Amino acid sequence: MRYDHSKIEKKWQKKWRADSLYEPAIRAGGPDFAHAKKPYYNLMMFPYPSAEGLHVGNMYAFVGSDVFGRMKRMQGYDVFEPIGLDGFGIHAENHALKIGANPMVQAKVSEKRFYAQLDAIGNGFAREESLETYDPAYYKWTQWLFMKMFERGLAYRKEAEVNWCTGCLTVLSDEQVEGGKCERCGNIVEKKRLEQWFMRITDYAERLLANIDELDWSEKVKIAQRNWIGKSEGVNIKSRVKDLGIAFEAFDSVPQTFAAQTFTVIAPEHPLVHDLVRGTEHEAAVMAFVGKMKKARAAREYDAVKAEPEGIFTGRYAEDPFGTGDLPIWVASYAVADYGTGIVHCSAHDERDFAFAKKYGIPLRAVMVPKDSEEAEKVRSLKYAYCRDPHGVMEAPAELAGMEWGAAREAAIAYLENKGYAYRMTTYRLRDWLISRQRYWGPPIPMIKCEKCGWQAVPEADLPVVLPRVKEFRPTGTGKSPLASVKSFYETSCPKCGGKARRETDVSDTFLDSSWYFMRYLDPHDEKRIFDAGVVEKWLPVDMYIGGAEHSVLHLLYARFVTMVLKDMGYIGFEEPFTVFRAHGLLIKEGAKMSKSKGNVVNPDEYVARFGADTLRTYLMFLAPFSQGGDFRDEAVLGVYRFLNRVWEMAHDAKSEARNPKSETDPEKAEKALNIAIKKVTEDIGSLKYNTAISALMICLRSFEEGGVSKGQFMSFLKLLAPFAPHMAEEIWHALGEKSSIHRASWPEFDEKIIREDSFDLVVQVNGKTRGTVRAERGVDQADVEALVRGDALLAKWIGEKEPKRVIFIPDRLINFII
RNA sequence: GCCUCUGUGGCGGAAUUGGAAUACGCGCAACGCUUAGAACGUUGUCCCCAAAAGGGUUACAGGUUCGAGUCCUGUCAGAGGCACCA
C-alpha cells in the first residue's frame, strides 16, 4: 500500500495545532513561559514575506532549524520555536510598488499565503506567538525602543553625507551599500547631504568587538564582524597649520615611521579645506578640485580602489612636528574624511603615500631599511615603498635607531607621548547606524519637532504613532518621506509645551524591527510592556540561532547592539542575545544560483503536492551538509521518496508484530543496527550534520529489511525519523497503538556495549601498504596478531622469512610490518 | 591588495580526526516481475591492464611520517568577507 501523504499530512498539522503540541510548557491548555522547567529557545531568522511565496531556500533554513528543535523537544526540553514575518521595509515595499498594490494591503495578502505555506512544511512552530513587524502592536515597541534610545542620547540627529539610493529614493546605511550599489535594487548609490537620525553604535564598538571572542558562532561570521568593526590602534599626532595657527590632529596606526613623514594630506570633504585656502592664490584651484572630487564621488564615477590618486597643493604647511621640516598640506583624493581625523601625515613607508609623492614630486625620506644591504640602499634611495616589514631596521630618529620595526612600535609611541607630540588613539571603521528612511512602509520615527522646544520624543502613552493608510505611498525622491505630504499625520502639538509642532515623517530602517523581535516572541500580545523581564531573563539568550550568513554583519550586529543597550538601561541582565549561532548554506539548483530570471526557482508547493512535505524535508536535509548548502536536483528527490516508502511498507509488517520479510529473523542484528543508528543520528543532529544522520537511518532500515525487526525496535527507529518526517512518523506511531504524540515521546538512548563488536578485521600493512586483514578479538595483543598474520599464507608471503625491521601495532586497529 | 574558507567517482556527497578512500543517495548496466512501460526488487558500478594476482587514484608539485584526503610549504582554480581606513 502506497503512502498517501496529502491526507495524512494535513490531518496531523491540524491536530498538532489544535493540541498546541508545539507550545512550550503548556499549562491549562495554553503556553506558560514562566513555568517552563527546561527552556530551550530554538530560533531561526524570520523571513520577509513576498507575494511570490515561500522560497525553497526559506524552507531549507526553517526545516534545518526544526529538525534540531524536534530532537531537543524529544530530549525533554521545553522547546520554543517561534515564527513571524519581517514584513516592513524596502524589500516588501518595492515588491508592492512593482505589482501596483498598496504595501499595507499587500502585506495582508502575503501574510496569509506565507503562513499557509509555512504551516504546510510541518515545522514545530509555536504559532500562538507569531508576530508581524508591521502590526501596530509590534511596532509600538519598536518606537518605544527608539524613544528610549533618544532619551539616553543614543539616537541623535546630524547632517551628514549619506548614501542615497537612486532606485529606492531613500538613504541607506553603509551596510546596505555594496560596491557603490544598492544591495536591494542594484541601482547606483550617490552621496547626499541630509539631516538624519543616527544610532550611536560606535559607542559600543569596543564591547561589540571584545565579546566576539566569547561567542559560540561560526568563525567566518566572527571574522566578518571583527572586520566590520575594524579596530585600529595608533596615535593621534598633534599638529598646527603654519601661519594660521589652526590646530588639528592626524591619526597614525604605524607610529614607528613618524620621522619619515614629509607631507600631509587632507580629504576633499574635510571642512578645514576651505579655511586653509580662503583668500589665497590657491583658493580657486583648490576649491575647484574639491568640487570636482565631490561630484565624482557623489556620482560614484570615482572608483576608490582603481583610481590613481589625485591631489592639489593648498599652499599651506603643517608646522614641523618633530624637527624634521614643515610638511606641505595637500588635498588628496585618497584621504577619507570620516575615518580617523580626515587628515594624515604621510611617509615613504606607505604605498599610497609613496605613489602620491612620486606623482607630484613631493620629497620623501626613508627611516627604515631591510637587513640586506643591497636592498637597504634601494630603500634609502627611494626606489620603492618599503612597508610594514616586522624585521625592517630603524635608522631614524636616533631614539629608535637599530630597532626592528616590529619592536619599535611601543618605543615610538612612548617617545611621541613623552615629547607631547601625540597621544594613544583607537579608531574604528564602524560608523554610526543611520536609521532614517524616506519611505512609507516602516514604523514612523516617534519624534516631534517643536518650534520652541526642539526635538521631543513621543510620550509612551501616545505610542504607537500609527502609520496611516494613504493613497500616495510612492517614494518622492525629494529627500522627504511620502508622509511629509500627509497633513493629518504630521500636524501635531508639542508634548512639552503644547505648542504647534511637526512630526518626523521619516520611518526607521527595517533592521531596527528585527533587532529585538526575539524578545517580543515570548509574549507578542502584551499591550502594557515590551516584554516581561522575568520571562525574557528565563528564556534568553537564544540557545540556538540559525540563519543565513548574509546577515553576518547587518542584523546580528544591530541585535547585539540593541541587546547591550537594553542591558545598560536595566531591562535585562545579559548583553549577548545569541549564545550559539550557526549559518546554514545556500541552496542552488543544478549548479546555478536560483533566480527568477533564470527560471530555476524551486517552489516547494509543487514538491509538497507531489511527494509530500516529509519527502521534501528529508531530501533537503539529505542533499548536503546543512552548514554548507547544496545542489537541489529533481531526480535525487526520488531516492528519499523510496526510502520513506520502504519505512511505510515496514510499518505494515511491524503492525502484525515482528515479521521478517527476507531471511531468518536476527534480533541481535536489528538491535545492533538500531543502536548504531541512535548514536549516529543523535550526534549528527546535534552538530547539524543532517545528511549523515539520514544516511544512518537508511543503513538501519536496510538492516531491518534483511534481518527482521521487532515492534519495539521499529518504534525507536520511528523516533529517530520523526524530526525529518514528522507526519509519517506520527501516523505510523499511532497506527501501532500509541495514543500520545511521537513528538513528545522520549528520544531513544543507545548502549555502547551493543554497538561494540567483539571481533573485528584488523588491518595488516607491509611497509605502509595495506595487504589484507585478519579477524581478531577485541583487545588482542601484538604477539597474537603477528601469529595470526604468519598463519595466513597470503599475508605471510608479503613479509617473507626475515624478521621485520620494525613492527607498528595500533591496538584494535592495525599492524604494520616494516621489512 | 589584505583576511577567511573550499577543491574526493558520471553527479550530490562520506571518511571514529593521521590508520582499509569513495559510506548513503542519484545516475547507469544486467537480471527478475510485467503484454509493454512505469513503479518495485536483486546484483554490479573509481580508473588502467587482467580470468586472477597486481598496479594507480582525493586539483597540481614537493615535504614530514611506519602510514597523509586529513599535518607543513609552494602553485593553480573556485567561493566569501574587508578595502585608497593612514
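None of the values given here were measured: they were computed from a predicted structure. The sequence lines fix the lettering, A, B, ..., with proteins before strands; numbering per chain opens at 1.
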Are there more than 12 heavy atoms of other residues, nucleotides or ligands under 6.0 Å from atom NZ of A:K689?
no

Among the nucleotides B:G56, B:U16, B:C11, which one has an atom lying closest to any side-chain atom of A:R633?
B:C11

So, OP1 or OP2 of B:C3: does either fall under 4.0 Å of a side-chain N or O from A:K222?
no

Would you check if the distance from the ring center of A:W433 to the ring center of A:F511 is below 6.0 Å?
no

If pairing means Watson-Crick or G-U wobble with both distances under 3.5 Å, then the partner of B:A15 is none

At under 4.0 Å between heavy atoms, what does A:I699 touch on the DNA or RNA strands: base, sugar-phosphate, or nothing?
sugar-phosphate

Matching residue for A:H270 among A:I343, A:V331, A:D338 - test: side chain to side chain contact (heavy atoms under 4.5 Å, CB included)
A:I343

Does A:S232 have a side-chain nitrogen or oxygen under 4.0 Å from the phosphate oxygens OP1 or OP2 of B:A86?
yes

Is A:N816 side chain donor-acceptor paired with the B:C66 base, going by distance under 3.5 Å alone?
yes

From CZ of A:R813 across to P of B:G67 the rounded distance in Å is 18 Å

Between A:E706 (CD) and B:G41 (P), how many Å, whole number?
13 Å

Taken to the nearest whole Å, NZ/A:K689 to C1'/B:A23 is 14 Å

Under 4.0 Å, heavy atoms only, any strand: does A:I808 hit a base, just the sugar-phosphate, or nothing?
base

Should the side chain of A:E351 and the base of B:G1 be counted as holding a donor-acceptor pair, with the cut-off at 3.5 Å?
no

pair A:R226-A:L209: side-chain heavy atoms closer than 4.5 Å
yes

Across all strands, who's sitting opposite B:A38 as a Watson-Crick or G-U wobble pair, both distances under 3.5 Å?
none

OP1, OP2 of B:U6 versus side-chain N and O of A:Q628: anything below 4.0 Å?
no

Categorize A:V254 for me: base, sugar-phosphate, or nothing, with a 4.0 angstrom heavy-atom threshold over every strand shown.
sugar-phosphate

Minimum-distance nucleotide (side-chain atoms of A:R646 versus B:U4, B:G41, B:G55)
B:G41

Tell me whether the side-chain N or O atoms of A:R226 pair up with the base of B:U4 as donor and acceptor below 3.5 Å, since no angle test is needed here.
no

Using a heavy-atom cut-off of 4.0 Å across all strands, would you classify A:S347 as base, sugar-phosphate, or nothing?
nothing

Just to verify, which of A:D350, A:D252, A:D353 counts as forming a side chain to side chain donor-acceptor pair (under 3.5 Å) with A:Q261?
A:D252

Rounded off to whole Å, could you give me the CG-to-P distance for the A:L554 and B:G81 pair?
11 Å

From CG of A:D350 across to C1' of B:C2 the rounded distance in Å is 14 Å

Would you call A:W405 and A:Y386 a side-chain contact if the rule is heavy atoms closer than 4.5 Å?
no

Length of the NZ-P vector between A:K231 and B:C82, whole Å
20 Å

Taking 4.0 Å as the cut-off, does a side-chain nitrogen or oxygen of A:R642 come that near to OP1 or OP2 on B:G25?
no

Any side-chain N or O of A:Y339 under 4.0 Å from OP1/OP2 of B:A86?
yes

Between A:N691 and B:G25, is there a contact of a side-chain N or O with OP1 or OP2 at under 4.0 Å?
no

Can you tell me which nucleotide in B:C82, B:C66, B:C26 comes closest to the side chain of A:W228?
B:C82

